[in-house]
Amino acid sequence: MRLSLIAASLAVGLSSTAWADSPIGLVIHGGAGTIDRASMTAEQEQAYHAVLRDAVEQGYEVLANGGTSVEATLKAVTIMEDSPLFNAGKGAVYTWDEHHELDASIMEGANLNAGAVAGVTNVKNPILLAEKIMTESVHVMLAGAGAEQFAKEQQLELVDNSYFNTEFRYEALQRMKAAEQALPHQAHVRDPNWNMGTVGAVAIDKAGNLAAATSTGGMTGKRYGRVGDVPVIGAGNYADNSSCAVSGTGHGEYFIRFNVASDICARVKYQGISAVEAAEQVVHGQMHAAGGTGGVIVVDAKGELSWTFNTQGMYRAMRSNTQDTVTAIFADSEE
Ligand code: ASP
C-alpha cells in the first residue's frame, strides 16, 4: 500500500511560485503491524486519528512559520511520545523485567548530522535527548546510564520509569510471557502487535532541508539490553538532502540487517529511481521475503511525501503546502 503526492503536479495553479518552488511538508507514523478493524472500537480509532492529526498539523505549523525540518519533526514526535497510545515515551512497551528502555534518533539531511540514544529509562522525551546528542555533544550515539547523565546535564525533563506505564502495554507483556513460556526465547515467534506504536516523522522545510526523527520503546519483552533499529543510523532512520529522509517502524532486527533507511536513500542516490520506488523495493522485497515486517515514511528532495508498508496497517498522516491533512490507519483507508 502506498500513497504518493507529488508536490510539483499538485502545485500547478498556485498563485505563488515561491511555494511551488519550495515545497514544505511532513509525514508521520505511529507504528505498523496487524491492525484490523474488528479489534478496534470506533472510539479507539478516533483517538488515534486525533493524535495523528494534532501531531502532523503542529509539525506542519512549524514549517509554515519558517521553522526547520528538524524542529518540525521534533514537534510531531514529542506530541506522539506524550500520548499513551504509542510505543514511545509515555505508553512505551515493557521489557521482560517489567520496566521500560527507550531508543530514539534524529538526522539532518543538510550535513548528515545525527544523534541517537539507546536504552534510557528516565528521559521523558528521548527524541529531545537525541537532538541534544546531535547538537551539543561530539558523539552520535549514547546509551544507558551515560546517556541519562548527559540528559541531566542538558537539563532535559527526567521522570521515574513508572511514568511510562500503561495497563494496555502491561497486559501485552503478560500475553507475550505466557506465549514465550511455552517456547525457548525466540524473537521470531513474537506477535507484531505486542510492539506496535513506534513513532516517527520526516520533513522538508522551505530551505529544502530534510530531516528524520524516530522514537520507540522497542519490542515487548525485550531483554539482555536489546537495542533495536531506531537508534542505529541508517537502519530505522536516515536523512540526506541528496536523496531522501526515511523513518521506519517494524521488526527492528530486520531493519538493522537490511539497513532499510539508508538502503532506500542509496537507491535514490545511485540508481536515480524515485524515493517511492526505492521504498517499495526495500519494504516489499528482500526484507519481507526474509520475514521482516514493517513500513516506512519518506520525503524526497523534491518534496514528494510517501509511505509504504507490508503489514495490515500503519498509523500515519501527512500534510504539505499542497496537501491538506490526511490521517490513516488501515491499508485501505485514508481520512
Ligand atoms: N522498530 C522498533 C524496534 O524494533 C519496533 C517497532 O517499530 O514496532 O525497536
Side-chain angles (χ1 to χ4, degrees), residues 27-35 48 52 77 80-81 83 85-89 91-96 99-106 116-121 126-127 130 141 143 164 166 168-169 172-173 176 186-202 212-238 246-264 279 282-283 287-288 290-298 307-316 329:
V27 195
I28 63 171
H29 71 73
T34 315
I35 317 174
Y48 279 101
L52 289 168
V77 168
M80 291 187 284
E81 283 182 336
S83 164
L85 296 179
F86 300 99
N87 172 19
V93 298
Y94 285 78
T95 63
W96 186 266
H99 65 274
H100 311 273
E101 294 172 1
L102 311 175
D103 300 337
S105 76
I106 188 161
V117 57
V120 286
T121 61
I127 198 65
M141 191 193 290
F164 303 109
T166 52
F168 151 67
R169 298 292 183 188
L173 176 69
M176 183 263 178
Q186 285 178 29
H188 291 177
V189 299
R190 293 181 182 180
D191 181 337
N193 287 324
W194 292 331
N195 317 303
M196 216 161 54
T198 290
V199 307
V202 294
T214 310
S215 180
T216 189
M219 295 180 81
T220 297
K222 66 184 182 180
R223 49 183 162 173
Y224 313 121
R226 182 264 188 188
V227 173
D229 58 312
V230 169
V232 178
I233 299 300
N237 200 71
Y238 199 72
V246 178
S247 168
T249 173
H251 197 147
E253 277 68 11
Y254 290 88
F255 278 68
I256 294 172
R257 288 170 52 206
F258 291 88
N259 202 24
V260 167
S262 74
D263 188 15
I264 292 169
V282 172
V283 170
M287 178 183 79
H288 196 208
T293 52
V296 296
I297 50 171
V298 185
W307 48 53
T308 186
F309 48 96
N310 62 30
T311 50
Q312 259 184 26
M314 179 162 83
Y315 298 103
R316 59 202 190 277
I329 299 176

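Sequence positions, counted from 1, serve as the residue numbers for this chain. In listed order, ligands and their atoms are each counted from 1. Computed from a predicted model, the values in this text were never measured in an experiment.
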- Query: Does Gly252 reach ligand 1 with a nitrogen or oxygen that is under 3.5 Å from one of the ligand's nitrogen or oxygen atoms?
  - Reply: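 So ligand 1 has an N or O lying under 3.5 Å from an N or O of Gly252.
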- Query: Polar-atom distance check: Thr249 versus ligand 1, any N or O pair below 3.5 Å?
  - Reply: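 Min N/O separation from ligand 1 is below 3.5 Å for Thr249.
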- Heavy atoms only: which of Thr198, Asp229, Thr216 is nearest to atom 3 (C) of ligand 1? Asp229
- Message: Between Tyr48 and Phe86 (judged by ring centroids, cut-off 6.0 Å), do the two rings come close enough to count as a pair?
- Response: yes
- Query: Near Met219, which atoms of ligand 1 are under 4.0 Å from a heavy atom of that residue?
  - Reply: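 Checking each atom against Met219, I get 4 (O).
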- Query: Which of the numbered atoms in ligand 1 are below 4.0 angstrom from a heavy atom of Arg226?
  - Reply: 3 (C), 4 (O), 9 (O)
- Partner set under side chain to side chain donor-acceptor pair (under 3.5 Å) for Tyr315, not counting sequence neighbours: none
- Query: Is the shortest distance from a heavy atom of Gly250 to ligand 1 less than 4.0 Å?
  - Reply: yes
- Does the pair Val260 and Val296 meet the rule for a side chain to side chain contact (heavy atoms under 4.5 Å, CB included), with working shown? CA-CA 9 Å; Val260 167; Val296 296; 4.0 Å; yes
- Message: Could you check whether any side-chain heavy atom of Glu253 comes within less than 4.5 Å of a side-chain heavy atom of Met219, counting everything from C-beta outward?
- Response: yes
- salt_bridge(Glu101, Arg226) N-O dist < 4.0 Å: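 Between Arg226 and Glu101 there is no salt bridge, as every charged N stays at least 4.0 Å from the carboxylate O atoms.
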